Amino acid sequence: MAIQLYSEHKYMTVPPKTFPLNSPFYLFFFFPQSSTLNLKFTSTFLIPFRLLFFAISLNKVEMGLTSSLRFHRQNNKTFLGIFMILVLSCIPGRTNLCSNHSVSTPKELPPSNPSDIRSSLVSLDLEGYISFDDVHNVAKDFGNRYQLPPLAILHPRSVFDISSMMKHIVHLGSTSNLTVAARGHGHSLQGQALAHQGVVIKMESLRSPDIRIYKGKQPYVDVSGGEIWINILRETLKYGLSPKSWTDYLHLTVGGTLSNAGISGQAFKHGPQINNVYQLEIVTGKGEVVTCSEKRNSELFFSVLGGLGQFGIITRARISLEPAPHMVKWIRVLYSDFSAFSRDQEYLISKEKTFDYVEGFVIINRTDLLNNWRSSFSPNDSTQASRFKSDGKTLYCLEVVKYFNPEEASSMDQETGKLLSELNYIPSTLFSSEVPYIEFLDRVHIAERKLRAKGLWEVPHPWLNLLIPKSSIYQFATEVFNNILTSNNNGPILIYPVNQSKWKKHTSLITPNEDIFYLVAFLPSAVPNSSGKNDLEYLLKQNQRVMNFCAAANLNVKQYLPHYETQKEWKSHFGKRWETFAQRKQAYDPLAILAPGQRIFQKTTGKLSPIQLAKSKATGSPQRYHYASILPKPRTV
Ligand code: FAD
């Protein structure tokens, strides 16, 4: 595999060609210019070296002027003498060499006690900086259930900062427990972006490259892995372009969604976001900076996409674009029969000429229906709509969107009218709205602002996202929506199908083994100090009941944004692909430094942890455990 090391990195300056590689002068160039070497070392060791280099250079000039061999030999002896004296007199008692130099061989054993490790982090020569006092800011995530502070936060300014940090931790090796989590916006749910007592890399500090757009036949945008999707949308719209595949919420980072999949109502057509990437720049778990694509370093490319942050840190991504519409026609219709609802959804995603977005959601036991689900929509027939009564029945709302530009409004109306005429929804429940494209895509942000204002955004979110094969969806819906859930007052339940045939096969994402499967997302918020159905414990038990039912009925369901406690569960999640996943881990992050919060692999350390010690006492032999089965449970907030 070709590794792309950046030659402009100041530590990788190539020596002038006039000196052969085996020359002692070569060493001179490998000492960092501004450096992690301490002042004492620099003044006592480096300066005489440079004087010597200067003298020898003069000597070389002089040698060029005379062709006498005798003079040459005498001169060489003199300079060898000076060289030895200088070297011997200048060797410092302790060099305190703590280099992140990418090619030097470390002279000392890496530090192993916590305060030395901390000072070794401080001594890294970075364009950005490391902080220790604000670690509480990255100790939690959107799920808001665990609090696991890191030792330090890296605020990188460049890919080299990230590479230097990784190399430094690799150099520390198994003497330290340090792990690394790239943190996008921390919108994970179960601590996936946390690194307890490790280093959290705040990806939003990585502002390079800027958002760069390339027009042409196959337009694309180059962005930093820490960029958020709403900024990419705003910037690409200036050129009349837009990414093709989205998530429902755009204040998520490129690195964060590409590590999972990035699924929304466009995924049936374009695949998830991981389908729409041309190229990535990755810092692997070994600290190597690698550019990869489907054709170049393809194994790493496919590993990282959907790879749960296990193989490398996405520092840059090239994302494909398409012409952006100005407006969308946004339509909602209701069904009381699940079969009719899912049949229509599947029909729409199977057609060539269809809507641009297909989603849906479940409404359970909602009496305030007409005030809520269609708040910014107008009824097609207001008299009929006012007569509609939900009677507390479970209803299914199909949500579809057609993109258009103002001059295409009438043909768009005809097309949507034709598509709607082929569906079997309750006629009085057709509601629609026309809004700018950006307003539609950024819709969840409006809800976020409202919830923040009420103090209801930063509450625990016991979300559960499942991918359910088409063959199981009816059984799932019948049991879960009618018997297990009795209301969805505390959050939406999304449900929509996608075509796997349009999704790329070799990524790390695990999906059910059928061409059509559904995303079902339970998205409740637990209200603090409440009891009953809004209580965290109640909601967690409800999730468990759903999972137990899926297991007992053998529905072949896979978790999206997966979370497991044990190696056995992870193995079962990956199925036949576990071996490949583990081999890729060994290849790209052999010390298991990356994304510890996913709880799949555990970093191997020289010293046994208390849990390992306990296990080894029980079995009588010291062992190294690598997998989640022995990880401590995250502490609940
Ligand atoms: P983080 O939570 O910070 O990180 C997620 C994981 O990726 C961690 O393991 C982290 O270490 C790793 N990671 C982060 N950055 C990088 C990087 N640059 N390189 C390598 N690894 C990295 N998902 C969907 O698919 N569709 C949706 O419609 C959708 N809607 C959502 C709505 C809301 C309100 C929220 C909170 C989440 C939603 N998500 C959705 C889930 C979202 O995709 C995940 O939370 C994802 O983790 C992105 O969040 P983030 O950028 O904050 O990443």
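Numbering of ligands and ligand atoms starts at 1, following listing order. Here the structure is a predicted model, which is why all the values come from computation and not from measurement.
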In the protein, what heavy atom is nearest to atom 8 (C) of ligand 1, and what distance, to one decimal place, separates them? Gln192 O, 3.3 Å
Specify the protein heavy atom at minimum distance from atom 49 (O) of ligand 1: its residue, its atom name, and the distance to 0.1 Å. His187 CB, 3.6 Å
Side-chain (Ser298) to main-chain (Lys295) donor-acceptor, under 3.5 angstrom: no
Based purely on interatomic distance, does Asn260 place a nitrogen or oxygen under 3.5 Å from a nitrogen or oxygen of ligand 1? yes
Heavy atom of Ser264 under 4.0 Å from ligand 1? no
Does the N or O separation between Ala595 and ligand 1 drop below 3.5 Å for any pair? no
Distance to 0.1 Å, residue and atom name: give those for the protein heavy atom nearest to atom 50 (P) of ligand 1. His185 N, 3.5 Å
What do you reckon, does Gly312 put a non-hydrogen atom under 4.0 Å from ligand 1? yes
Using a strict cut-off of 4.0 Å, indicate which atoms of ligand 1 neighbour a heavy atom of Gly186. 1 (P), 2 (O), 3 (O), 52 (O)
Region of Trp463 that comes within reach of ligand 1 [heavy atoms, distance under 4.0 Å]: side chain
Nearest 0.5 angstrom please: Lys202 NZ to Asn137 CG, how far? 6.0 Å
For the pair Lys504 (side chain) and Asn275 (backbone), establish whether a donor and an acceptor sit closer than 3.5 Å, ignoring hydrogens and angles. yes
Please determine if Asp248 has a nitrogen or oxygen closer than 3.5 Å to a nitrogen or oxygen of ligand 1. yes
Gap separating the CD1 atom of Ile230 from the CH2 atom of Trp246, nearest 0.5 angstrom: 7.5 Å
Is there a ring pair (Phe, Tyr, Trp, His ring centres under 6.0 Å) between Phe341 and Tyr496 once you walk through the steps? CA-CA 10 Å; Phe341 166 73; Tyr496 55 91; over 10 Å; no
Taking it one step at a time, do Gln273 and Thr257 satisfy side chain to side chain donor-acceptor pair (under 3.5 Å)? CA-CA 8 Å; Gln273 290 180 321; Thr257 66; 2.8 Å; yes
Got more than 12 heavy atoms from elsewhere within 6.0 Å of CG, Asn513? no
Using the ring of each side chain (for Trp, its six-membered ring), is Trp463 parallel, tilted or perpendicular to His461, with breaks at 30° and 60°? perpendicular
Looking only at protein heavy atoms, which one is nearest to atom 3 (O) of ligand 1, and how far off is it? Gly184 N, 2.7 Å
Taking atom 48 (C) of ligand 1 as the reference point, the nearest protein heavy atom with its distance: Gly256 C, 3.7 Å
Return yes or no for this condition: an N or O of Ser259 is under 3.5 Å from an N or O of ligand 1. yes
Using atom types as modelled and distance alone, determine if a side-chain donor or acceptor of Glu322 lies under 3.5 Å from a backbone N or O of Lys244. no
Please write down residue, atom name and distance for the protein heavy atom closest to atom 2 (O) of ligand 1. Ser188 OG, 2.5 Å
Nitrogen or oxygen atoms of Ile263 and ligand 1 under 3.5 Å apart: yes
Output all residues satisfying ring-ring contact (aromatic ring centres under 6.0 Å, His included) with His251, sequence neighbours left out; order by chain, then residue number. Tyr249, His445
Between Gln598 and ligand 1, which part of the residue brings a heavy atom under 4.0 Å of the ligand: side chain, backbone, both or neither? side chain
If you draw the axis of the six-membered ring of Phe574, does the NZ or CZ of Arg577 fall within 45° of it and under 6.0 Å from the ring centre? no
Option of least heavy-atom distance to atom 17 (C) of ligand 1 (set: Gly262, Gly255, Pro272): Gly255
Closest to atom 33 (C) of ligand 1 (heavy atoms only, candidates Tyr249, Tyr560, Trp457, Trp246) is Tyr249
Between Glu458 and Arg452, does at least one N-O distance fall below 4.0 Å, as a salt bridge requires? yes
Pick, from Gly309, Ala182, Ala267, Ala181, the option with the minimum heavy-atom distance to atom 11 (O) of ligand 1. Ala182
So which protein heavy atom does atom 19 (N) of ligand 1 come closest to, and at what separation? Ile314 N, 2.8 Å
Pairing residues for Tyr129 by the ring-ring contact (aromatic ring centres under 6.0 Å, His included) criterion, not counting sequence neighbours: His155
For ligand 1, which is the ligand I care about here, please tell me if Leu561 has any N or O atom under 3.5 Å from one of the ligand's N or O atoms. no
Using only atom types and a distance under 3.5 Å, with no angle test, would you say the side chain of Glu514 pairs donor to acceptor with the backbone of Ser472? no
Using a 3.5 Å cut-off on N or O atoms only, is Leu252 in polar contact with ligand 1? no
May I ask which of Val138, Leu250, Val200, Thr247 has a heavy atom nearer to atom 29 (C) of ligand 1 than the others do? Thr247
